[in-house]
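All residue numbers refer to positions in the sequence shown, counting from 1. Because only heavy atoms are used, hydrogens play no part in the values below, and waters and symmetry mates are left out as well, while side chains stay in. Small disclaimer: the values here were computed from a predicted structure and weren't measured.
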Amino acid sequence: MKFSALSIGLIAAFSGAGHAAPVTDYGNCVNAIVMQLISLFQTGSTAQNFANCGKDDDGSGYASGIINFTTRNGDALKVIKAYMTNSDYKGEFDDYMDTLEEYADSGSKSTKNLDGYCDAWKTASENTAFWSAQTSVVYNEYNAPTQEYVDEIGIKFSVTRAVLYDTAIVDGIGSGKSSLGGIFKATNAVFKSDVTGSSGNSVTVNDKYEVDEYVWLQKFLDIREQKSSAGRKNIEAYRSIVTRNDLNWSDSVTVTDSDGDDVVIKCNYIES
């Protein structure tokens with residue numbers, strides 16, 4: 001079963017001050033759970049908070065929206081540009097475009113000349129067209145490229161797909177050593193022969209070695225922890241899922257959050 005396209009247009013009515021939308025259908029149960037996990041790790045809540053916005057603690061400028069799109073890496077700019085193509089665009093970001101373009105091009109962590117940016121983001125989040133812009137960027141920039149890695153080696157487990165997706169969002173989708181592409185490549189390079197296991201599925205590494213998926217996933221998490229300074233709490237949370245041997249999700253998954261509390265995440269939207 002693949003990650004299917006995020007269902008743009010299925011965003012329902014506003015819910016609460018944070019404008020959190022229900023995650024009732026992103027194509028299948030796994031996708032719905034994964035999006036809530038991403039929200040939990042990125043914003044501290046399973047609710048998808050389209051209006052979320054603030055200065056990023058890791059030095060990426062402003063981080064905002066359902067996955068903390070940043071002004072430094074340019075995905076926030078992609079959201080805004082997608083929104084601007086919609087006839088419902090209200091001009092909230094007109095005054096910031098030159099600065100956003102500059103910071104995205106240079107990878108700047110600066111927030112200079114962006115006073116009022118979060119106010120604009122929160123205002124835009126009252127418009128469902130802006131919600132659609134956010135979900136479309138998540139799919140095009142992270143979901144679809146991650147699926148290529150899933151297909152390449154034949155990943156089957158829900159948790160493995162979720163880990164790769166999380167890595168793409170937190171560490172980037174590219175080929176750098178600390179990004180998804182680099183970590184994926186480094187993980188595959190470890191295996192020089194077939195590796196058996198008891199998980200019930202093998203992935204095909206480098207087009208020739210059959211490696212138990214559980215073994216492959218553990219090695220991927222090890223290498224991600226070594227190469228990435230971001231997402232450490234995410235890695236610990238996913239290890240808690242793996243330790244429970246909760247590899248495939250039919251309706252829910254239990255994850256230990258950053259406070260050490262167990263959170264049960266179901267296919268349907270829940271308020272954490």
Less than 4.5 Å apart, side chain to side chain, heavy atoms only: is that true for [X] and [Y]?
X      : Y      : result
Tyr214 : Val242 : yes
Ile223 : Val190 : yes
Thr70  : Asp75  : yes
Tyr83  : Gln134 : no
Met97  : Met84  : yes
Tyr238 : Leu37  : yes
Val34  : Trp249 : yes
Ser39  : Asn49  : no

More than 12 foreign heavy atoms under 6.0 Å from CG of Asp207: is that the case here?
-> no
Should we say atom CG of Asp105 is surrounded by more than 12 heavy atoms from elsewhere, each under 6.0 Å from it?
-> yes
Please collect all salt bridge (charged side-chain N to carboxylate O under 4.0 Å, His left out) contacts where either partner lies in residues 185-206, sequence neighbours excluded, each pair once.
-> none
Pairs satisfying salt bridge (charged side-chain N to carboxylate O under 4.0 Å, His left out), at least one member in residues 225-235, at least two apart = Glu225-Arg239
Do the side chain of [X] and the main chain of [Y] share a donor and acceptor less than 3.5 angstrom apart?
X      : Y      : value
Thr111 : Leu114 : no
Asn86  : Phe130 : no
Ser252 : Val264 : no
Thr71  : Tyr62  : yes
Asn248 : Ser158 : yes
Arg72  : Gly59  : yes
Gln147 : Asn143 : no
Asp58  : Ser60  : no
Asp56  : Gly61  : no
Glu213 : Ile155 : no

ILVMFWY cluster, [X] and [Y] together (side-chain gap under 4.5 Å):
X      : Y      : answer
Tyr149 : Ile183 : yes
Trp131 : Phe93  : yes
Leu221 : Tyr165 : yes
Ile67  : Leu40  : yes

Atom of [X], atom of [Y] and distance for their closest heavy-atom approach:
X      : Y      : answer
Ala82  : Ala133 : CB-CB, 4.0 Å
Val211 : Ser193 : CG2-O, 4.2 Å
Asn201 : Gly154 : ND2-O, 3.4 Å
Pro145 : Asn140 : CD-O, 3.4 Å
Asp212 : Ser198 : OD1-N, 3.5 Å
Ala129 : Asp88  : CB-CB, 4.0 Å

Evaluate side-chain contact (heavy atoms from CB on, under 4.5 Å) for Trp121 paired with Ile80, printing each intermediate quantity in order.
-> CA-CA 9 Å; Trp121 189 280; Ile80 292 166; 4.2 Å; yes
Hey, mind stepping through Asn188 and Tyr209 against side-chain contact (heavy atoms from CB on, under 4.5 Å) and telling me if it holds?
-> CA-CA 9 Å; Asn188 289 345; Tyr209 301 128; over 6 Å; no
The side chain to side chain contact (heavy atoms under 4.5 Å, CB included) partner of Phe41 among Ile169, Asp166, Ile235 is Asp166
[atom1] of [X] to [atom2] of [Y]: how many Å apart, nearest 0.5 Å?
X      : Y      : atom1 : atom2 : answer
Phe191 : Ile153 : CZ    : CD1   : 9.0 Å
Ser250 : Ile33  : OG    : CD1   : 8.0 Å
Asp246 : Phe157 : CG    : CZ    : 11.5 Å
Thr167 : Ile173 : OG1   : CD1   : 9.0 Å
Tyr96  : Leu77  : OH    : CG    : 14.5 Å
Ile66  : Ile38  : CD1   : CD1   : 10.0 Å

Asp94 versus Tyr89, side-chain donor and acceptor atoms under 3.5 Å | yes
So Phe220 and Trp216, would you call those rings parallel, tilted or perpendicular, with 30° and 60° as cut-offs?
-> parallel
Ion pair check, Glu141 and Lys78, cut-off under 4.0 Å = yes
Any ion pair linking Glu101 and Lys81 (charged N to carboxylate O, less than 4.0 Å)?
-> yes
Please report the C-alpha distance between Met35 and Val138 in whole Å, then the side-chain angles of each, then the deciding distance to 0.1 Å, and finally whether the side-chain contact (heavy atoms from CB on, under 4.5 Å) criterion is met.
-> CA-CA 10 Å; Met35 287 307 298; Val138 169; 4.1 Å; yes
For the pair Asp262 and Arg244, evaluate side-chain contact (heavy atoms from CB on, under 4.5 Å) and give the outcome as yes or no after the intermediate values.
-> CA-CA 12 Å; Asp262 286 346; Arg244 292 185 176 95; 2.9 Å; yes
